[in-house]
2 protein chains.
Amino acid sequence: MSEQTAARTDAEVPARPVQRRSGRQRAAVAALLDSEPAFTSAQDLYARLREQGNPIGLATVYRALQALVEDGDVDVLRTGDDGEAVYRRCSTGHHHHLVCRRCGRAVEVEGSAVEAWAQKTAAAHGFTDVDHVVEIFGTCADCTAAR
Amino acid sequence: MSEQTAARTDAEVPARPVQRRSGRQRAAVAALLDSEPAFTSAQDLYARLREQGNPIGLATVYRALQALVEDGDVDVLRTGDDGEAVYRRCSTGHHHHLVCRRCGRAVEVEGSAVEAWAQKTAAAHGFTDVDHVVEIFGTCADCTAAR
DNA sequence: ATTCTTGCAAACCCTTTGCAAGCTA
DNA sequence: TAGCTTGCAAAGGGTTTGCAAGAAT
C-alpha cells in the first residue's frame with residue numbers, strides 16, 4: 001500500500017432499515033474486518049478468507065462490503081495508484097483518517113478546525129452543499145522503526 | 001460528475017528532465033486541458049478531441065496525461081463512485097481544490113491552517129513523512145443557480 | 001538514421017451482474 | 001415454502017501494454 005485517496009462521503013446516509021439475513025459468509029467478512037486495523041482491499045480480504053480455510057466467493061466479498069458500507073459500518077478509500085478500493089471498520093460519526101502508507105494501519109482523527117476552514121473557504125467562493133475529503137498519510141511509528 | 005476523491009501527492013516530484021519530443025497529439029491533449037477549467041476524464045478528453053476532428057487514439061490520450069502528471073503540470077483526482085481518474089491543468093505549488101460536484105469546475109485554494117493541523121495531528125500519533133489529501137466538494141454558484 | 005510518438009487491438013485488473021443452487025426464517 | 005444469500009462464470013469499464021508504422025531531430 002502506498003499513496004491513497006479518500007472516498008468517504010460526509011453526507012450522513014440514513015442507514016435504511018434493510019432486512020438482512022445473517023449469512024455465514026457475510027458475517028465472516030464483517031468479522032475479519034472487525035479484527036483488521038488497516039484499510040484492506042476486497043481482493044485481499046478474499047485471499048485471506050480462503051487461506052484461513054473459508055472457500056468464499058469473490059463476488060460475495062464485494063457484496064458483503066457493499067452492504068457494510070451501505071449500513072455505515074465500514075469506510076472506503078481509494079488507492080491513488082490504481083484506484084483499488086480499500087475498506088475499514090469505522091465508528092459512525094464524522095471523522096477523518098491518519099493512514100500509514102506502508103502498512104495501511106489507520107487512526108481515526110477529527111479536526112473541527114478543518115471542518116470550519118472547508119466551510120468558510122467554500123462559502124467564500126459561493127459554493128453550497130459543501131462536503132469535504134481529508135486524509136492524512138504518513139509512515140506510522142512502527143513502520144518508521146522497522147525501516 | 002458527483003462524489004470524488006483526491007489523489008494529489010504532496011511530495012514534490014522533482015520533475016526529472018525527461019527528453020520529450022513535441023508530438024502533435026500530446027500537444028493537442030495539453031492544449032485542450034489548458035482551456036478546460038474543470039476536472040475532466042481521459043475518456044471525455046478523448047471523445048472531445050475526436051469530435052473536434054482530431055482522430056487521436058485513446059492510448060495516446062492516456063500516455064499524454066501520464067506525461068503531464070509526471071511533469072507536474074496536471075493534477076489528478078479520482079471519482080468516488082467509479083474510481084475514474086479526472087485531470088486538470090494546475091499551478092505547480094502545493095494547493096488543494098474546491099470542486100463543483102455538478103460541473104467539475106475547480107478552484108485552487110490553500111490553507112496553511114490545514115497544513116499545520118495535519119502535521120500536528122500526524123506527529124501526535126508518531127507518524128513521519130506526513131503528507132495529506134484535502135479536497136472540498138460542493139455545488140458552485142452557477143450550478144446552484146441553474147438548479 | 002535513430003529515437004520517440006502514435007494507433008490499434010489485446011491484455012489487465014478491479015468490480016459488478018446473471019442465474020441456478022443453497023440456506024435461513 | 002418464500003426469499004435472501006452464495007458461487008461461478010461472464011460481462012463491464014477504465015487503464016495499460018505490445019508491436020508495427022509514422023514523425024521528429
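So you know, we letter chains A, B, ... as the sequences are listed, proteins then strands, and number each from 1. All figures in this text were calculated on a predicted structure; none of them were measured in a lab.
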Is the backbone of Asp129(A) close enough, under 3.5 Å, to the side chain of Arg101(B) for a donor and an acceptor to pair up by distance? yes
Return the value, rounded to whole Å, for the distance between atom CG of Asp44(B) and atom C1' of dG13(D). 15 Å
What contact category does Ile56(B) fall into here, base, sugar-phosphate, or nothing, at under 4.0 angstrom with non-hydrogen atoms? sugar-phosphate
Kindly say whether, by distance alone, the side chain of Arg21(B) makes a donor-acceptor pair under 3.5 Å with the base of dT3(C)? yes
For the pair made of CG in Leu58(B) and P in dT15(D), what is the distance, rounded to whole Å? 8 Å
Among dC14(C), dT6(D), dT17(D), which nucleotide has an atom closest to any side-chain atom of Arg63(B)? dT17(D)
Among dG7(C), dG7(D), dT5(D), the one nearest any side-chain atom of Gln25(A) is dG7(D)
Output the rounded distance in Å from CZ (Arg20(B)) to P (dT3(C)). 18 Å
CZ of Arg24(A) versus C1' of dG7(D): gap in Å, rounded? 11 Å
Without swapping roles, check the side chain of His96(B) against the backbone of Val134(B) for a donor-acceptor pair under 3.5 Å. yes
Applying a 4.0 Å non-hydrogen cut-off, can you work out what Gln66(A) is touching in the nucleic acid: base, sugar-phosphate, or nothing? sugar-phosphate
In whole Å, I'd like the distance from the CG atom of Asp82(B) to the C1' atom of dG12(D). 12 Å
Taking atom P of dT16(D) as reference, at what distance in whole Å does atom CD of Gln43(B) sit? 11 Å
Are Leu58(A) and Gln43(A) packed together at the side-chain level, in the sense that at least one heavy-atom pair is separated by less than 4.5 angstrom? yes
Under 4.0 Å: is that the gap between some side-chain N or O of Tyr62(A) and OP1 or OP2 of dT15(C)? yes
Taking for each residue the nucleotide of DNA chain D with the nearest heavy atom, is it Ala85(B) or Ala64(A) whose nucleotide lies nearer the 5' end? Ala64(A)
Of all the choices, dT15(D), dT15(C), dG7(C), which nucleotide is nearest to the side chain of Thr60(B) once you look at every atom? dG7(C)
Candidates dT17(D), dT15(C), dT5(D) - which lies nearest the side chain of Arg26(A): dT5(D)
Main chain of Thr144(A), side chain of Thr139(A): is a donor-acceptor contact present, judged purely on distance under 3.5 Å? no
Rounded to whole Å, please give me the gap between CG in Leu49(A) and P in dT6(D). 12 Å
Glu84(A) has an atom CD; how far is it from atom P of dG14(D), in whole Å? 18 Å
Arg88(B) and Glu108(B) ion-paired at < 4.0 Å: yes
Quick check for you: among dT15(D), dT16(C), dC8(C), whose closest atom lies nearest to any side-chain atom of Arg50(B)? dC8(C)
